[in-house]
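Right, one structure below, let's go through it.
Below, all heavy atoms of this structure are taken into account, side chains as well, without hydrogens, waters or symmetry copies. Residue numbers start at 1 and run along the sequence shown. Whatever order the structure lists them in is the order used to number ligands and atoms, beginning at 1.
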Amino acid sequence: MANSTVSRPPSLLRLIAIIILVLIILVGLAVLIIWLTVKPRKLEYSIERVDVQGFNLHYDHLNASFDLVMRAYNPNTKAALYYDSINVFVSYDDQNIASQTVQPFFQPHHNVTRLELKPTSQSLTLQGSVSRDLRLEKSSGEIELDVYMRAKVRFKVGRWKSRHYTIKVRCSPVVVHLYSPRKFQSRECDVDL
Ligand SMILES: *[C@@H]1O[C@H](CO)[C@@H](O)[C@H](O)[C@H]1NC(C)=O
Ligand SMILES: *[C@@H]1O[C@H](CO)[C@@H](O)[C@H](O)[C@H]1NC(C)=O
């Protein structure tokens, strides 16, 4: 009798410990199964084309309009994407020279979407050294730009929707051939999610 009343608390504790352990294993298995069915894969971006029109650099003032095609590839077979806010920047020598806000859109799973963008610079004042370097590159016929994108996205798997994530995309260098646009080579971008 005395023996059983003494031994009951430890065995109850052991039972609780076993239940907790089993729960942890079940949760772990559930996460693993979800992970394996969703198989998240990295989003891919590249710049497929950049043309410049109306390029005019007068002292430190720049006018230019860029025709830019960004390819956005969602390789995931289960996860779709809401792009809730998207900003694209064209920069030269670390100075933003043109930007564009893109309309929110929904990207289905396993989908390629081409964003056709037209960021422009109008009467933009450049720093002295930046305008000097840009003028030199322009006269060589080749300008090296960087293209950045920042986007707020949510993932959708079945009916489940994730919280917001910020994607930072950097495409560098993007070489623009002013007088022979056919030479353009597409540029893969780095993605930071
Ligand atoms: C840029 O465009 C504006 C408006 O069209 C014009 O007033 C300005 O002179 C232009 N500047 C240059 C550098 O071409
Ligand atoms: C990608 O999704 C967009 C928007 O739903 C659609 O218009 C386009 O045709 C899709 N592209 C491919 C390659 O499935």
Side-chain angles (χ1 to χ4, degrees), residues 37-145 147 149-162 164-165 167 169 171 176-179 181 186-189 191 193:
T37 48
V38 172
K39 272 198 209 123
R41 288 172 62 188
K42 227 177 164 195
L43 304 170
E44 292 173 22
Y45 301 88
S46 60
I47 301 296
E48 289 193 327
R49 201 187 72 207
V50 181
D51 290 332
V52 188
Q53 270 117 38
F55 188 102
N56 201 343
L57 188 58
H58 187 64
Y59 295 104
D60 291 352
H61 296 289
L62 174 69
N63 281 358
S65 61
F66 300 90
D67 255 328
L68 199 149
V69 178
M70 181 183 262
R71 176 183 187 269
Y73 174 43
N74 172 13
N76 292 290
T77 50
K78 295 283 193 305
L81 275 168
Y82 293 98
Y83 282 87
D84 288 322
S85 82
I86 314 138
N87 285 296
V88 175
F89 305 91
V90 176
S91 91
Y92 176 80
D93 260 7
D94 294 329
Q95 178 169 355
N96 277 345
I97 57 173
S99 66
Q100 185 179 345
T101 302
V102 183
Q103 283 298 312
F105 68 97
F106 176 74
Q107 184 172 35
H109 61 84
H110 212 268
N111 173 273
V112 172
T113 295
R114 284 187 172 75
L115 301 173
E116 298 191 359
L117 308 165
K118 291 187 185 301
T120 58
S121 331
Q122 195 169 35
S123 304
L124 180 81
T125 306
L126 300 176
Q127 291 160 19
S129 60
V130 174
S131 79
R132 191 188 56 224
D133 293 347
L134 186 54
R135 183 168 289 112
L136 288 176
E137 283 191 36
K138 191 209 170 199
S139 59
S140 83
E142 256 184 45
I143 301 178
E144 277 192 12
L145 301 170
V147 176
M149 181 182 80
R150 277 179 83 98
K152 281 216 164 72
V153 302
R154 284 171 298 149
F155 293 91
K156 181 174 187 273
V157 179
R159 291 180 149 203
W160 175 81
K161 293 172 188 174
S162 77
H164 272 115
Y165 291 91
I167 300 181
V169 176
C171 322
V176 179
H177 301 272
L178 289 172
Y179 311 115
S186 72
R187 163 68 51 190
E188 298 287 324
C189 308
V191 184
L193 180 65

Pairs flagged by salt bridge (charged side-chain N to carboxylate O under 4.0 Å, His left out) wherever residues 152-161 is involved - sequence neighbours left out: Asp84-Arg154
Please list, in number order, the atoms of ligand 1 under 4.0 Å from a heavy atom of His58. 13 (C)
Exercise: identify the closest heavy-atom pair between Ser131 and Leu57: O-CD2, 3.6 Å
Tyr179 atom OH, neighbour heavy-atom count above 12 within 6.0 Å: yes
Using a threshold of 4.0 angstrom between heavy atoms of the protein and any atom of ligand 2, which residues qualify? Pro108, Asn111, Val112, Thr113
Within 4.0 Å of some non-hydrogen atom of Asn63, the atoms of ligand 1 are 1 (C), 2 (O), 3 (C), 8 (C), 10 (C), 11 (N), 12 (C), 14 (O)
Has Arg187 got more than 12 heavy atoms of other residues, nucleotides or ligands less than 6.0 Å from its CZ? yes
So Ile86 and Ile167, side-chain contact (heavy atoms from CB on, under 4.5 Å) or not? Walk me through it. CA-CA 9 Å; Ile86 314 138; Ile167 300 181; over 6 Å; no
Pair listing, salt bridge (charged side-chain N to carboxylate O under 4.0 Å, His left out) test, anchored in residues 89-115, at least two apart: Glu48-Arg114
His61 heavy atoms within 4.0 Å reach ligand 1 at atoms 13 (C)
Got a sec, which residues hit ring-ring contact (aromatic ring centres under 6.0 Å, His included) with Phe105, two or more places apart in sequence or on another chain? Tyr83
